[in-house]
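Quick notes on the structure that follows.
Everything numeric here is computed off the predicted structure, so don't read it as measured data.
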Amino acid sequence: MITIKDLTVKNFMSVGNVTQAVRFTNNGLTLVLGNNLDLGGDGSRNGTGKTTIINALSYAIYGNALTNIRKDNLINKTNGKAMLVTLDFVKDGTQYRIERGRRPNLLKYYVNEQDVADDEAQGENRQTQSDIEKLFGMSHDMFKHIVALNTYTEPFLSMRANDQRAIIEQLLGITMLSEKAEVLKEQQRLTRDAIKEEEYRIKAIEEANARIEKSIGDLERRQKIWRDKQTSDLQSIQQQINTLEKIDIQTELNNHKLLSDYLEKKKLKDEAERWLSNIQSDNTKQQKLIDKLNKEINLLQDHKCHSCGQEIHDEKQESILNSKQEQLSDAQQQVKTNHEQEKEWYDAITQLGELGQIPVTHYNTESEAHKHNMELENLRSQVTSKQDESDTYQEQVDSLRETGVQEITWDTMNQLNTVKDHQDFLYKLLTNKDSFIRKRIIEQNLQYLNSRLAYYLTKLGLPHEVQFQPDLTVEITELGRDLDFDNLSRGERNRLILGLSWSFRDVFESMNTPINFLAIDELIDSGMDTNGVDGALGVLKKIERERNKNIFLISHRDELVGRVNTILQVIKEGGFTTFSTDTEFIDAK
């Protein structure tokens, strides 16, 4: 329950620099009467500042007056500054205080005497204001229809259809669904953000995995090139080994020895044959010389010249003959020597015997043949080294696969999508006008609202039947005739306004929390006959008695003085308003 305890005002509207306090803890029906002494003390009830009380209450809670008065125009015009309104109230055992002012702008909010909002620089704090309105559980429009009723507030049934629906939805708790929908909307946003973050996370992992897979692919390609080269090199080396192993190196070495002997023997034989050929050629030459010399000697012995054939008988002939005979002797001796040498060479050739077939070798030289084994061992060593080479690529591939590639799990994404689908479904239930939740709430509370409205209209003596329909429109009928709100007289409209306000209050308190204060500003003064006034007073007294309410009835009707518990005098003098009887005066500091 909300219990409004004390309201103090200073430099607020017609209240001056002396702080005025109004206490709301005395349950009962209080008649608020005005007396404007500035008009000559003739008992005028107008312009005294009676509405100041509920305007100050409205300003303290919502930062606005009941009507469209600019905030700076709420400041007392004479003093022009230091306007301050303070409200003390209790809810569920917790003490609250609101201090709100202008020039300087001020908003302070105390919970159990602890200041939870202090914004002296601007006097505005949206979060604090939101907390205050949530605490009271009603908007400013609702406040004007169920707490502070006055003739300046547009009647509910004169409002546009959308504005009527907004108030009814707030009253029936539909607005609560909208508020929950707003909270859910924020949760939906967070869920969508979480889904996006998860998508980004998965995408980042996929991109990282793709880069790693590309690296793995590059490594595997290089690995394949390395393995192919290793295989190719091994095959090439093995082919060389196979080729070398086909050669019988011992036979090859033996053949080289045989070839060396063969070539040596052939060389000797060729040399012997060359000498024989030279000797034979020389023998032929010597034989020709011998034949020639014999012929010449014969001619010389016949005393004939061996050149021209003429007769020669001098010593010259003897000399030429001797010379020729010496030459003949030399030639014959040379032939003899040649025959001896020829025999020697023939014996040497005979001793060498036949050369036979020339030995066949693979290598050109014996040195190359000796290198065969060394080359074969070297190739075999190369095979072992190649086979023992470590595949460094496989180790890198395995490492990247084990530590680099991350497993992508969709569990979180699936959970978030499930939450999102659930939130979307709930959001539709909360916001869709055809939602069974909204329909059920409307059905349950409309019945109670219509029953309370029928009760109050009967008490107020209004013959019309007024009911809210399931589509939240209002139907007014009289004896089967459909009527509009403006078809009603001034007094009938006031009866209906009061009945609606009290019905709204019953529904609000049944669904939220009771409030100890109710103000009715001049509503029973406008066109209400005696029966209407009596009916209204009867309802108000029943409310204050059975529900422990503190009701302020602002009126110009003097005849009500004897019918109320307390009278609060609102006196205006010298341009300033003061409250008496249930008012305490607090000197300005």
Side-chain angles (χ1 to χ4, degrees), residues 29 54 138 141-159 161 163-165 167-172 442 445-469 472-479 481-512 514-515 517-547 549 551-555 557 560 563:
L29 181 58
I54 54 177
M138 67 181 78
D141 286 336
M142 183 68 71
F143 175 82
K144 291 187 287 187
H145 282 90
I146 68 174
V147 176
L149 317 182
N150 70 91
T151 56
Y152 297 103
T153 300
E154 182 182 14
F156 174 82
L157 293 175
S158 294
M159 299 169 69
D163 294 336
Q164 289 183 9
R165 177 180 291 275
I167 289 181
I168 288 297
E169 286 189 349
Q170 182 185 162
L171 179 68
L172 299 182
I442 291 172
N445 293 299
L446 272 188
Q447 184 177 359
Y448 180 63
L449 174 61
N450 285 329
S451 68
R452 297 309 297 166
L453 181 57
Y455 169 79
Y456 288 122
L457 294 183
T458 299
K459 292 294 184 180
L460 290 168
L462 184 68
H464 301 74
E465 183 177 348
V466 182
Q467 281 198 338
F468 283 87
Q469 303 302 309
L472 301 184
T473 59
V474 181
E475 184 180 88
I476 304 174
T477 60
E478 182 185 27
L479 301 176
R481 295 178 302 157
D482 289 334
L483 300 174
D484 290 328
F485 180 66
D486 288 337
N487 289 131
L488 306 181
S489 67
R490 181 68 175 272
E492 289 173 335
R493 285 201 298 270
N494 277 355
R495 284 178 169 89
L496 183 50
I497 290 170
L498 288 171
L500 273 176
S501 295
W502 295 336
S503 301
F504 285 172
R505 187 182 183 104
D506 289 350
V507 173
F508 175 84
E509 291 190 345
S510 70
M511 297 184 64
N512 296 279
I515 302 176
F517 179 72
L518 171 64
I520 301 174
D521 186 2
E522 299 185 1
L523 276 174
I524 65 172
D525 291 0
S526 302
M528 293 277 282
D529 58 16
T530 302
N531 289 334
V533 173
D534 290 343
L537 279 178
V539 171
L540 291 175
K541 287 185 176 182
K542 184 177 177 63
I543 290 174
E544 62 91 4
R545 183 174 60 250
E546 294 181 356
R547 303 186 194 176
K549 303 296 184 185
I551 302 174
F552 274 32
L553 179 60
I554 301 173
S555 176
R557 291 177 178 262
L560 298 178
R563 304 178 65 179

Check [X] against [Y] and note the closest heavy-atom contact, atom names and distance.
X: H145; Y: P155; value: NE2-C, 4.4 Å
X: L518; Y: R505; value: CD1-NH1, 3.6 Å
X: R563; Y: D534; value: NH1-OD1, 2.7 Å

Rounded at 0.5 Å granularity, tell me how far [atom1] in [X] sits from [atom2] in [Y].
X: N487; Y: R493; atom1: CG; atom2: CZ; value: 9.5 Å
X: M138; Y: F508; atom1: CE; atom2: CZ; value: 3.5 Å
X: S451; Y: L446; atom1: OG; atom2: CG; value: 10.5 Å
X: I520; Y: I554; atom1: CD1; atom2: CD1; value: 9.5 Å
X: L453; Y: Y448; atom1: CG; atom2: OH; value: 12.0 Å
X: D163; Y: I168; atom1: CG; atom2: CD1; value: 12.0 Å

Report task. Show the numbers, then the answer: is there a salt bridge (Lys or Arg N to Asp or Glu O under 4.0 Å) between R495 and E492? Result -> CA-CA 5 Å; R495 284 178 169 89; E492 289 173 335; over 6 Å; no

Report task. Any chance you could lay out the side-chain contact (heavy atoms from CB on, under 4.5 Å) test for I54 and F552, step after step, and finish with the verdict? Result -> CA-CA 9 Å; I54 54 177; F552 274 32; 5.8 Å; no

Query - Heavy atoms of other groups near K541 NZ, more than 12 under 6.0 Å - result: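 Counting neighbours around NZ of K541, more than 12 heavy atoms of other residues, nucleotides or ligands fall under 6.0 Å, so yes.
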
Query raised in the report: CD of Q469: more than 12 outside heavy atoms within 6.0 angstrom?
Result: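 Yes - once you tally the heavy atoms of other residues, nucleotides and ligands closer than 6.0 Å, there are more than 12.
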
Are any side-chain N or O atoms of [X] and backbone N or O atoms of [Y], one a donor and one an acceptor, separated by less than 3.5 Å?
X: N150; Y: Y152; answer: yes
X: N494; Y: I524; answer: no
X: S501; Y: L498; answer: no
X: Q467; Y: N450; answer: no
X: E509; Y: I515; answer: yes

Below 4.5 Å, heavy atoms only, C-beta onward: do [X] and [Y] meet side chain to side chain?
X: L500; Y: F468; answer: yes
X: H464; Y: L457; answer: no
X: T153; Y: I497; answer: no
X: F485; Y: V466; answer: no

Report task. Please assess D521 against T151 for the test side-chain contact (heavy atoms from CB on, under 4.5 Å), listing each intermediate value before the final yes or no. Result -> CA-CA 7 Å; D521 186 2; T151 56; 5.7 Å; no

Requested in this report: Quick one: do L537 and L553 satisfy side-chain contact (heavy atoms from CB on, under 4.5 Å)? Show the steps, please.
Outcome: CA-CA 9 Å; L537 279 178; L553 179 60; 3.8 Å; yes

Query - Residues D506 and Y456: side-chain donor-acceptor under 3.5 angstrom - result: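 Yes, a side-chain donor-acceptor pair sits under 3.5 Å.
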
Query - Check against side-chain contact (heavy atoms from CB on, under 4.5 Å), I167 and M159 - result: CA-CA 10 Å; I167 289 181; M159 299 169 69; 3.6 Å; yes

Requested in this report: Could you tell me how the ring of F504 sits relative to the ring of F156: parallel (under 30°), tilted (30 to 60°) or perpendicular (over 60°)?
Outcome: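 Ring orientation of F504 relative to F156: perpendicular.
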
**Report entry** Identified side-chain contact (heavy atoms from CB on, under 4.5 Å) partner of L496 from the options V474, I476, L460
**Finding:**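 Among the candidates, only I476 passes.
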
